Amino acid sequence: MAVNIDTVYQRVLAIANKEQRGYITPQEYNLYANQAQMDIFEQYFYDLNQFMRIPGNDTRYADQVNILQEKIDIFENYRVALTASNDQSAQPGIWQLPDYYRLGELYYKHKGGYVEIEKATQNEIHHLQNSPLTAPSLSRPMYVRESQTLVGGQTTNVLTGIPSDRTVQIYPITITSGTVVCNYISRPQTVEWTYIVNSSNSRALFDRSALTRDFELHQSEETELVVKILELAGITIKDPQLYQVAATEEAQNVQQENK
C-alpha cells in the first residue's frame, strides 16, 4: 500500500505553518517529496548491508533484515523480458535492459527451463572465448556490459543510440531469439501533488487526477517522509527551530530502530 501524497503534504503544512513558520508551495513540496523519497529508498541498501553483518533474531516481524527486505520487495521485478537489438546483423547479441535501479540476474530460456546467464568483464570474455572448455554456450551463456562511448554528452551505444548502461552483449551471439529475461529493482516513480487554484483566495487545493502520483514507499515510511521533507523545507525557509524539530524526530526514529 502506497503512502498518500496529500496526507504527507497536509502533515508537513500543519507543522511548517504552526506559529507562522512559512508556507511550502506545491512546487516546492513536489521537489522536496521526490528528494525525500529517493533518500529513504537509497538508504535501504546501505542499512541492509549493515544489518546483514550482525546477528538477527527469531522474531520475523522485528528482524531488521526482514523489515528492510519487505520494503525493497515492493520494487523488485522478476523475469522481465529483454528486447533484442533491432539490427542483429550489425550488432549480434545486443539486448536492451529495462529501466532499472539495480540489476539482478539474467536468464535464457533453454530446453524448457531457464539457464542463468553468467556475468563477465570485457577482458574475461575475450580469454574465455579462446578456449573450447570455457567458451560460452547455450547451456552456459554469459553476458558483459557494453563498452561505453560518449556521444553528445551522453553515454550511448554507437549504433542503437540506447544508453550503454542499459544494454548487454550476450554470448554466444547466436542467442538472437527466444526469451531472455532479468530480475531487477526499479526506482520509485516520481511523485506529484496535483492541484487546482481556488479563485477566491488563490490557494492551491488538492485535485486527484490521472497525473497524481503517490509515494511508492512502504506505508510505514509516512512519518519518515514528513521528517525528511521538513528538513529540506527548514533549510529553504531558514527556520533553524523547524529544522531542529525534524532532525530530533529523525534521530529518535533511528534510535528506536537500533534498539
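Just so you know, these numbers come straight off a predicted model, no measurement behind them. Any value given below was found using the heavy atoms of this structure, including those in side chains, with hydrogens, waters and symmetry copies removed.
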Self-check item: Asp214 side chain reached by Arg208 side chain, heavy atoms, under 4.5 Å
Solution: yes

Quiz prompt | Distance (rounded to the nearest 0.5 Å) between Arg145 CZ and Leu97 CG | solution = 6.0 Å

Self-check item: Pairwise side-chain contact, Arg11 with Thr223, heavy-atom cut-off 4.5 Å (strictly under)
Solution: yes

Quiz item: Rest of the hydrophobic cluster containing Tyr107 (Ile/Leu/Val/Met/Phe/Trp/Tyr, side-chain heavy atoms under 4.5 Å)?
Solution: Tyr114, Val181

Quiz item: Is Glu124 reaching over with its side chain to a backbone N or O of Thr121, donor-acceptor style, under 3.5 angstrom?
Solution: yes

Quiz item: Linking Ile, Leu, Val, Met, Phe, Trp and Tyr by side-chain heavy atoms under 4.5 Å, what else ends up with Leu205?
Solution: Ile196

Practice problem: Would you check if Val168 and Ile117 make a side-chain contact, meaning some heavy-atom pair closer than 4.5 Å? | Solution: no

Practice problem: Could you pull out the closest heavy-atom pair between Leu217 and Leu225, with the gap in Å? | Solution: CD1-CD2, 3.9 Å

Exercise. Go through the steps for Gln35 and Asp39 under the test side-chain hydrogen bond (donor to acceptor under 3.5 Å, both in side chains), then give the verdict.
Key: CA-CA 6 Å; Gln35 181 63 53; Asp39 286 349; 2.8 Å; yes

Quiz item: So which heavy atom on Tyr195 is nearest to which on Ala204, and how close?
Solution: CD1-CB, 3.5 Å

Quiz item: Any side-chain donor-acceptor pair under 3.5 Å between Ser209 and Asp207?
Solution: no

Exercise. Measure across Ser139 and Val115 and return the closest heavy-atom pair with its distance rounded to 0.1 Å.
Key: O-CG1, 3.4 Å

Quiz item: Once you round to the nearest 0.5 Å, how far does NZ of Lys119 lie from CG of Leu103?
Solution: 7.5 Å

Quiz item: With no hydrogens and no angle check, is any side-chain donor or acceptor of Glu28 less than 3.5 Å from a backbone partner on Thr25?
Solution: yes

Quiz prompt | Derivation and outcome, side-chain contact (heavy atoms from CB on, under 4.5 Å), residues Asp73 and Gln69 | solution = CA-CA 6 Å; Asp73 282 347; Gln69 193 60 62; 3.1 Å; yes

Exercise. Establish whether Leu31 and Ile229 are linked, either directly or via other cluster members, by ILVMFWY side-chain heavy-atom contacts under 4.5 Å.
Key: no

Self-check item: Parallel, tilted or perpendicular: rings of Tyr29 and Tyr9 (30°, 60°)
Solution: parallel

Self-check item: Closest non-hydrogen atom pair between Tyr143 and Gly104, with its separation
Solution: OH-O, 4.5 Å

All N/O donor-acceptor pairs, side-chain side in residues 126-135, below 3.5 Å, sequence neighbours left out:
from   : atom 1 : to     : atom 2 : distance (Å)
Asn130 : ND2    : His126 : O      : 3.1
Ser131 : OG     : Leu133 : N      : 3.3
Thr134 : OG1    : Leu128 : O      : 2.9

Exercise. With side-chain contact (heavy atoms from CB on, under 4.5 Å) as the test, would you mind laying out the steps for Ile125 and Tyr171 before giving the verdict?
Key: CA-CA 9 Å; Ile125 201 68; Tyr171 297 89; 3.7 Å; yes

Self-check item: Chi angles and distances behind the side-chain contact (heavy atoms from CB on, under 4.5 Å) call for Val191, Val3
Solution: CA-CA 10 Å; Val191 299; Val3 179; over 6 Å; no

Self-check item: Other cluster members, Tyr78 - Ile/Leu/Val/Met/Phe/Trp/Tyr, side-chain contacts below 4.5 Å
Solution: none

Practice problem: Not counting sequence neighbours, which residues clear side-chain contact (heavy atoms from CB on, under 4.5 Å) with Glu192? List them please. | Solution: Asn30, Thr194, Arg213

Exercise. Find out whether Leu68 and Gln50 are in side-chain contact, i.e. whether some heavy atom of one side chain is under 4.5 Å from a heavy atom of the other.
Key: no

Practice problem: Supply the atom-to-atom distance Glu224 CD to Ile40 CD1, rounded to the nearest 0.5 angstrom. | Solution: 4.5 Å

Quiz item: Could you state the interatomic distance from CE (Met38) to CD (Gln43), rounded to the nearest 0.5 Å?
Solution: 12.0 Å

Quiz item: Does Val8 reach the side chain of Glu222, with side-chain heavy atoms less than 4.5 Å apart?
Solution: yes

Practice problem: If the plane angle is over 60° it's perpendicular, under 30° parallel, otherwise tilted; pick one for Phe41 and Phe45. | Solution: perpendicular

Quiz item: Same cluster or not: are Ile72 and Val65 linked, directly or through other Ile, Leu, Val, Met, Phe, Trp or Tyr residues, by side-chain heavy atoms under 4.5 angstrom apart?
Solution: yes

Quiz item: Who passes side-chain contact (heavy atoms from CB on, under 4.5 Å) against Asp6, sequence neighbours left out?
Solution: Asn4, Gln10, Trp193, Phe206

Exercise. Locate the shortest heavy-atom distance separating Tyr101 from Arg187; write the atom from each residue and the value.
Key: CB-N, 3.7 Å

Quiz item: Less than 4.5 Å apart, any side-chain heavy atom of Asn183 and any of Arg79?
Solution: yes

Quiz item: Can you tell me if Gln37 uses its side chain to pair, donor with acceptor, with the backbone of Glu216 under 3.5 Å?
Solution: yes

Practice problem: Measure the CD-CG distance between Gln189 and Asn34 for me, rounded to the nearest 0.5 Å. | Solution: 9.5 Å

Exercise. Flag the pair Gln64 / Ile67 as yes when at least one side-chain heavy-atom distance between them is below 4.5 Å, and no otherwise.
Key: yes

Self-check item: Path from Trp95 to Tyr100 over hydrophobic side-chain contacts below 4.5 Å
Solution: yes

Quiz item: Does any non-hydrogen side-chain atom of Pro172 lie less than 4.5 Å from one of Pro136?
Solution: yes

Quiz prompt | Closest heavy-atom pair and its distance - Glu76, Ile185 | solution = CG-CG1, 3.9 Å

Quiz prompt | Check: Phe75 main-chain N/O paired with Asn77 side-chain donor or acceptor under 3.5 Å | solution = yes

